[in-house]
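Just so it is clear, the structure is predicted and the values come from calculations on it, not from any experiment.
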Amino acid sequence: MASKIHAEIHALTLESIKKGGYGIYWNERSGRYYVYRDLAHVYNPKTKRSAVLEMVSLPTARLG
């Protein structure tokens, strides 16, 4: 089940990262939020969803 990332986590993201396309996802096993830069994505009209084609992982930090 997908969950939305809380606004508090987005607020911790650096402004320089926010200027470009970025995404955040939570990894339950490692207990970390991962931030990535969205370099290229494509929209599929059949499923009405976008898929990331290319992304670069950015440094991570463990909270808590």
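Qualifying salt bridge (Lys or Arg N to Asp or Glu O under 4.0 Å) partners for E15, counting only residues two or more places apart in sequence or in other chains: K18. The ring-ring contact (aromatic ring centres under 6.0 Å, His included) search around H10 returns Y22, not counting sequence neighbours. Remark: S16 pairs with L14 by the side chain to side chain contact (heavy atoms under 4.5 Å, CB included) rule, at least two apart or across chains. Applying the side chain to side chain donor-acceptor pair (under 3.5 Å) test to N27 and every residue at least two apart in sequence or in another chain returns S30.
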Carefully, step by step, assess Y34 and W26 under the rule side-chain contact (heavy atoms from CB on, under 4.5 Å). CA-CA 6 Å; Y34 289 90; W26 167 252; over 6 Å; no
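Y33 and I5 make their closest contact through CE2-CD1, 3.8 Å (heavy atoms, listed as atom of the first residue, atom of the second, distance).
In this structure, CG on L12 lies 8.5 Å from CD1 on I24, to the nearest 0.5 angstrom.
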